[in-house]
Amino acid sequence: TEAGASFHADCVRLLADAEAAIERVGAARDRPAGTLRLTASLDYGNAVVVPQLASFMRLHPAVQVDLVLSDHVSDIIAERFDLAIRGGWLRDSSLRATRLGSFRQLLVATPAYLAEHGTPRRVDELVRHDAVAMSALPHPLRWTFAGRGGKRQTVRLRAAAQANNAAAVRGLVLAGAGLAVLPDYLVEEDIRAGRLVALLAHLHLPEGGIHAVYPGPRAPAKVRAFIEHLQAAGA
């Protein structure tokens, strides 16, 4: 009938639209495209993620980036993030995580501070020094050093100042406020330039991990591609 023919034509058009939509979804999962919304800490984000995002965007021009830097641990699902780059030690979570690498923690101070207060050679000498603490850590003033043979020594430092993110702690240390424990990616250039000195280099502090965290059993192509980009760069 005429009505049946018209209904059939409408159904064919609807099916074609549905098939096209399914193909677009499939392409989005296989080809990096769309907006990549991600979050990272202020210090690691500025030092590592930002330059890697710039090179990633040149490789994948169909991807736009929405980066949120914050030391607040975001709720990835509630805040609609595709990806979070997190440093340190992961909490238990139903989210998926891919390890990107690790970082060393270094005890540092300025040459000027050490000239005035002396250079500590042993862990027990640290109690006589001023420390700049990162208040976001669970135990910002208690550190355990490991030496050869696995021997461990724990010390509690005396706080002269504290700040809630690593970049601010670094700024206070560079200004001569005291010594501090900071991640290697934030201070290695300062050490090479002579602005900071690494202390007790024969001992080791616990290493932290860098992880890419994302929801869902299978990440979309844009997320997988950026994770692979960070891994290739050794981020």
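The structure presented is a predicted model; accordingly, all values stated were derived computationally and were not measured.
The closest donor-acceptor contact from the side chain of Asp190 to the backbone of Arg195 lies at 3.5 Å or more, if one exists at all. Without hydrogens or angle criteria, Gln64 side chain to Ala62 main chain gives a donor-acceptor distance under 3.5 Å. The backbone N or O of Arg37 lies less than 3.5 Å from a partner atom in the side chain of Asp82, making a donor-acceptor pair. When atom types are taken as modelled, the side chain of Gln52 and the backbone of Val48 share no donor-acceptor pair closer than 3.5 angstrom. Not a single donor-acceptor pair under 3.5 Å links the side chain of Arg86 to the backbone N or O of Ala97. In this structure, Gln105 contributes its side chain and Pro206 its backbone to a donor-acceptor pair below 3.5 Å. A donor-acceptor contact shorter than 3.5 Å links the side chain of Thr39 to the backbone of Val68.
Smallest separation of non-hydrogen atoms from Ala84 and Ile76: CB-CD1, 3.6 Å. Minimum heavy-atom separation, Pro215 to Ile77: CB-CG1, 4.0 Å. Taking all atoms of both residues into account, the shortest heavy-atom contact from Ala33 to Lys222 is O-CD, 3.5 Å. Nearest approach of Pro120 to Leu200, heavy atoms of both residues: O-CD2, 3.6 Å. Residues Ala109 and Leu179 come closest through the heavy atom pair CB-CB, 3.8 Å. Across every non-hydrogen atom of Pro51 and Asn46, the tightest pair is CD-O, 3.7 Å.
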Original post:
Under the side-chain contact (heavy atoms from CB on, under 4.5 Å) criterion, do Val173 and Val187 qualify, and how do the steps go?
Top reply: CA-CA 11 Å; Val173 172; Val187 297; over 6 Å; no
Original post:
Stepwise, does the side-chain contact (heavy atoms from CB on, under 4.5 Å) test hold for Leu69 with Val49?
Top reply: CA-CA 10 Å; Leu69 296 183; Val49 176; 5.6 Å; no
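Taken from CG in Leu137 to CG in Asn164, the straight-line distance is 11.0 Å, to the nearest 0.5 Å. Rounding to the nearest 0.5 Å places CD of Glu79 at 6.0 Å from CG of Asp75. Annotation: the span from Leu126 atom CG to Leu141 atom CG amounts to 12.0 Å, rounded to 0.5 Å. With rounding to the nearest 0.5 Å, the separation of CG in Leu230 from CD1 in Ile210 is 10.0 Å. To the nearest 0.5 Å, atom CG of residue Leu83 and atom CZ of residue Arg224 are 12.5 Å apart. Atom CG of residue Asp184 and atom OG of residue Ser102 lie 8.0 Å apart, to the nearest 0.5 angstrom.
Under the 4.5 Å side-chain criterion, counting only non-hydrogen atoms from C-beta, Thr110 is not in contact with Val197. Residues Leu199 and Thr119 have side chains in contact (heavy-atom distance under 4.5 Å, counting atoms from C-beta outward). Residues Gln162 and Met134 are not in side-chain contact: their nearest non-hydrogen atoms beyond the backbone lie 4.5 Å or more apart. Taking 4.5 Å as the limit, every side-chain heavy atom of Thr154 sits out of range of all side-chain heavy atoms of Trp143. Residues Thr98 and Gln231 form a side-chain contact, since some pair of their non-hydrogen atoms from C-beta on lies under 4.5 Å apart. Side-chain atoms of Val65 and Thr35, non-hydrogen and from C-beta on, never get closer than 4.5 Å to each other.
Listed by chain and number, the residues in a ring-ring contact (aromatic ring centres under 6.0 Å, His included) with Phe56 are His60, Phe226, His229 (sequence neighbours excluded). Every salt bridge (charged side-chain N to carboxylate O under 4.0 Å, His left out) that Arg158 has, sequence neighbours left out, goes to Asp130. With sequence neighbours excluded, no residue forms a salt bridge (charged side-chain N to carboxylate O under 4.0 Å, His left out) with Asp43.
With a 6.0 Å radius and a threshold of 12 heavy atoms from other residues, nucleotides or ligands, Arg192 has its CZ atom above the threshold. Within 6.0 Å of the CZ atom in Arg152, the count of heavy atoms belonging to other residues, nucleotides or ligands does not exceed 12.
Cation-pi contact between Arg96 and Tyr214: absent, since separation from the ring centre below 6.0 Å together with deviation from the ring axis within 45° is not met.
Taking the six-membered ring where the residue is Trp, Tyr44 and Tyr185 present perpendicular rings, their angle passing 60° and hence far from 30°.
Both Leu107 and Val127 are members of a single hydrophobic cluster when ILVMFWY side chains are connected at heavy-atom separations under 4.5 Å. In this structure, Leu100 is a member of the same hydrophobic cluster as Leu67, with clusters built from ILVMFWY side-chain heavy atoms closer than 4.5 Å.
Of the candidates Ile191, Leu205, Val181, Leu182, Leu106 forms a side-chain contact (heavy atoms from CB on, under 4.5 Å) with just one, namely Ile191.
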